[in-house]
Protein chains: 2
Amino acid sequence: MTADRIGADGADGEPAGPRAADASRASIRAVANLAGVSPSTVSRALNSPELVNAETRRRVLECADRLGYQPNRAAQSLVLGRTRNVGLIVPDIANPFYAPFIKGVEAYFRDTEFAVFLADTDEDTATEVRLAEAMIERVDGLILCAPRMSGTRLRAVAAKTAVVLANRTSRNAPSVLLDFEPGMDQAVAHVHALGHRRCAYLAGPANSWSNKQRRRLLGAACAERGIELADLGPYEPRFTGGYRAADEVLAAGVSAAFAYNDLVALGVLSRLTARGVQVPGELSIVGFDDVPMASMTNPPLTTVAMPVNALSRAAAATMHSTLDPGAPKAPPLPPVSELATRLLIRGTTGPV
Amino acid sequence: MTADRIGADGADGEPAGPRAADASRASIRAVANLAGVSPSTVSRALNSPELVNAETRRRVLECADRLGYQPNRAAQSLVLGRTRNVGLIVPDIANPFYAPFIKGVEAYFRDTEFAVFLADTDEDTATEVRLAEAMIERVDGLILCAPRMSGTRLRAVAAKTAVVLANRTSRNAPSVLLDFEPGMDQAVAHVHALGHRRCAYLAGPANSWSNKQRRRLLGAACAERGIELADLGPYEPRFTGGYRAADEVLAAGVSAAFAYNDLVALGVLSRLTARGVQVPGELSIVGFDDVPMASMTNPPLTTVAMPVNALSRAAAATMHSTLDPGAPKAPPLPPVSELATRLLIRGTTGPV
DNA sequence: GAGGATTATGAAAACGTTTGCGGAACAGTG
DNA sequence: CACTGTTCCGCAAACGTTTTCATAATCCTC
């Protein structure tokens with residue numbers, strides 16, 4: 001029977017009144033004393049309910065609740081060897097392309113035992129590696145979004161912690177990717193259909209994987225259709241980067257421009273409008289990303305949309321399943337078709 | 001002398017060759033063995049150099065380096081009782097007003113021993129408290145940016161961890177604030193000077209501190225100048241929230257509108273432009289925040305600018321100094337004048 | 001050169017958990 | 001009743017640090 005133990009309840013340790021919880025100071029030992037059991041039993045009651053008597057468990061839980069007991073995470077991490085944190089590093093929080101990605105990852109982990117560390121590299125490679133180093137000590141895994149660090153550096157990081165890559169490939173870590181090809185192909189076909197034969201690519205950061213990717217696919221699609229492609233840039237991948245691009249693209253004598261992303265496309269559009277240049281009359285513009293603002297300008301931006309939400313959840317799920325074998329396995333990567341990009345034709349493209 | 005110890009160097013423990021670091025597996029004990037000292041000495045060499053012999057220290061450091069030793073943070077946290085993490089909770093990462101704030105805080109802590117946990121509540125109060133609860137266990141302090149949680153809840157949080165508030169006051173925690181008054185006053189004076197006598201306030205979230213604050217000051221400034229103020233909303237504090245606001249403000253028969261923030265102002269502007277309404281000809285618009293996009297629209301937005309960067313650094317510094325007594329004390333709060341807002345007159349305000 | 005002050009180091013306790021091992025109580029089986 | 005198996009629980013070790021305390025070695029001073 002457990003009756004005697006119940007009887008012992010109020011006898012030893014703390015007074016049994018409904019005292020206010022003592023501000024995160026209650027240890028597992030305090031709970032154990034109050035409940036008249038050993039710390040082991042408390043731990044088991046909390047973590048493996050099937051190992052303790054139902055009545056004992058009820059009592060332990062009640063005592064834990066009364067004391068406002070919260071297990072000390074440092075102690076748990078120490079013995080378990082896991083932090084139950086994951087890190088997320090993105091190039092720029094302020095870039096509206098990454099916001100949905102971040103939200104997707106955070107939303108995914110909100111319902112798990114994991115908390116996420118988010119950091120912003122300010123588009124700077126050195127900061128990126130410093131942040132990665134700092135995070136490694138505190139997390140079980142790292143989601144790297146469009147990382148710029150070198151391959152060898154990436155390998156070093158992956159050697160120390162679980163890594164999943166978004167928008168970047170590597171032999172050393174799993175990655176989730178967008179399939180740029182469909183959207184890019186549609187964009188070039190669209191521009192071609194409108195009669196454009198001389199176009200420009202407004203490049204983003206030279207060491208960016210997506211920049212290379214976009215340039216490559218664009219080159220191929222243009223070549224295939226006999227479109228001449230001029231390379232401009234690189235430009236800062238921001239709105240203001242588009243200002244400079246606008247002036248240079250005008251001077252380049254092309255009739256259409258593909259921007260590295262929506263921000264520079266929007267910057268180009270703004271600058272052109274300010275200079276009194278007609279869009280799409282004198283120049284057609286195609287963006288990349290479909291950030292929220294893209295649909296809100298005048299004219300609204302023709303752009304290539306990405307299923308960022310699917311991408312972020314895929315990244316999070318991949319990480320989760322490598323960290324916690326009990327996690328919903330799901331297909332480690334959704335079928336590529338889910339991550340296909342597609343062209344959104346709006347107002348900034350027109351006949352030459 | 002220490003010569004004998006040097007001689008002992010390669011004799012015991014690990015082979016002395018430049019082995020590759022063993023993937024974060026090296027403990028302080030391994031370093032101690034390799035260096036031929038006790039773990040205590042290694043700890044001291046790392047944390048309180050003045051307590052160990054210079055030569056010993058050099059040797060320890062070299063061994064630590066060779067093994068790629070990284071102290072285990074969980075163990076440190078456990079004994080020290082501090083995590084050396086701080087949490088930062090904001091309503092919405094995608095809101096361009098918060099991005100600079102976040103970056104400011106992250107930049108501040110980048111050069112300290114602290115790492116920052118960032119989370120986004122999606123403007124949802126319940127999520128906010130859940131995130132706060134989850135973070136409390138993992139951080140030494142929490143920076144709450146424009147929190148919406150109730151006062152009692154806030155007190156409960158502040159009882160468990162150090163808290164600093166941004167854009168919200170409370171008896172239970174220090175806060176850093178923007179002084180809305182100057183900017184607001186300038187805005188009303190500006191609109192009054194242009195001849196407007198019937199204006200509207202496009203409200204933000206009803207439970208938001210800044211919303212109340214703005215409404216109050218606006219009401220006072222308008223009353224003082226004999227301007228009639230209509231209350232519209234609340235609206236979602238986003239671009240799309242402005243769409244609905246635009247239609248309602250047109251129906252309200254006013255000649256000028258103060259938006260809760262730039263996003264809704266921009267939304268209004270966009271919707272109005274789409275409906276063919278002249279801005280500022282038929283309606284003048286004043287925003288709040290001076291987000292980057294505000295200067296890039298056509299016409300550019302008249303808005304009240306905030307020294308967000310100063311605000312975020314003040315918040316971070318306040319937190320830092322309460323956490324680490326050794327931190328640069330600085331004035332706990334910069335003089336209010338530094339945090340004053342001011343009106344930026346651009347293109348969306350004109351004579352009635 | 002004896003004594004006290006100073007410096008450098010090691011041993012061990014402590015932080016708060018989890019978990020392997022073993023033992024006690026009890027149930028079932030022959 | 002003896003034996004085996006099961007259920008429940010406590011003891012103690014372990015995780016990797018930091019820090020107190022004690023001790024040995026060295027230095028200084030008269």
Side-chain angles (χ1 to χ4, degrees), chain A residues 1-6 8 12 22 24-60 63-64 67-84 113 137-138 140, chain B residues 1-6 8 12 22-60 64 67-84 113 137-138 140:
Chain A
M1 290 302 123
T2 51
D4 52 344
R5 291 208 209 86
I6 291 179
D12 59 334
D22 217 12
S24 85
R25 282 280 149 248
S27 77
I28 203 175
R29 179 156 277 120
V31 178
N33 286 342
L34 184 56
V37 297
S38 80
S40 329
T41 302
V42 175
S43 175
R44 278 188 283 250
L46 263 21
N47 303 320
S48 347
E50 72 282 4
L51 290 184
V52 308
N53 180 287
E55 161 59 18
T56 309
R57 171 153 192 267
R58 194 197 54 70
R59 193 154 37 92
V60 166
C63 294
L67 294 176
Y69 171 70
Q70 294 280 107
N72 178 310
R73 295 196 86 93
Q76 290 182 318
S77 293
L78 182 56
V79 53
L80 262 10
R82 325 179 325 138
T83 61
R84 289 182 296 176
E113 56 178 344
E137 313 171 19
R138 319 187 193 231
D140 295 332
Chain B
M1 290 301 121
T2 52
D4 52 345
R5 290 209 211 86
I6 292 178
D12 59 333
D22 217 10
S24 84
R25 282 283 148 248
S27 77
I28 202 174
R29 180 155 276 119
V31 178
N33 286 341
L34 183 57
V37 299
S38 79
S40 329
T41 302
V42 175
S43 175
R44 278 187 283 251
L46 264 22
N47 303 320
S48 348
E50 72 282 6
L51 290 184
V52 309
N53 180 288
E55 162 59 15
T56 308
R57 171 151 193 269
R58 195 197 54 72
R59 192 154 37 92
V60 167
L67 294 176
Y69 170 71
Q70 295 279 107
N72 179 309
R73 295 197 87 93
Q76 290 182 317
S77 293
L78 183 56
V79 53
L80 262 12
R82 323 180 325 138
T83 61
R84 287 183 296 177
E113 56 178 344
E137 314 171 18
R138 320 186 192 231
D140 295 333

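Each chain gets a letter, A, B and so on, in the order the sequences are listed, and its residues count up from 1. The basis for the numbers below is simple: all heavy atoms, side chains too, and nothing from hydrogens, waters or symmetry mates.
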Main-chain N/O of B:Ala74 paired to A:Ser77 side chain as donor or acceptor, under 3.5 Å | no

Checking B:Ser43 side chain against B:Pro39 main chain: does a donor-acceptor pair fall under 3.5 Å?
-> no

Below 4.5 Å, heavy atoms only, C-beta onward: do B:Thr56 and B:Val37 meet side chain to side chain?
->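 Touching, per the 4.5 Å side-chain cut-off.
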
Roughly, in whole Å, what's the span from CG in A:Asn53 to P in D:dG10?
-> 11 Å

Euclidean distance, atom CD of residue B:Glu50 to atom C1' of C:dT9 [Å, nearest integer] = 15 Å

With the sugar-phosphate defined as primed atoms, P, OP1 and OP2, and the base as all remaining atoms, what B/S/- string results for nucleotides 11-21 of chain D, 5' to 3', for protein heavy atoms under 4.0 Å?
-> BB--BBBBBB-

Ionic contact status for A:Glu137 with B:Arg84, cut-off 4.0 Å = no

Indicate yes or no: does B:Arg44 engage B:Glu50 in a salt bridge with an N to O separation below 4.0 Å.
->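 Salt bridge: no.
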
Listed partners of A:Arg57 passing side-chain hydrogen bond (donor to acceptor under 3.5 Å, both in side chains), at least two apart =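 So A:Arg57 forms no side-chain hydrogen bond (donor to acceptor under 3.5 Å, both in side chains) with any residue.
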
Between the two ends of the helix from C:dG1-D:dC30 to C:dG30-D:dC1, what is the bend in degrees, rounded to 10 degrees, where each end axis spans five pairs?
->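 For the helix from C:dG1-D:dC30 to C:dG30-D:dC1, the axes at either end differ by 40°.
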
Here the pair of heavy atoms bringing B:Ala32 nearest to B:Val42 is CA-CG2, 3.6 Å

Any chance you could measure A:Thr83, atom OG1, to A:Leu78, atom CG, to the nearest 0.5 Å?
->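 If I round to the nearest 0.5 Å, the distance is 12.5 Å.
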
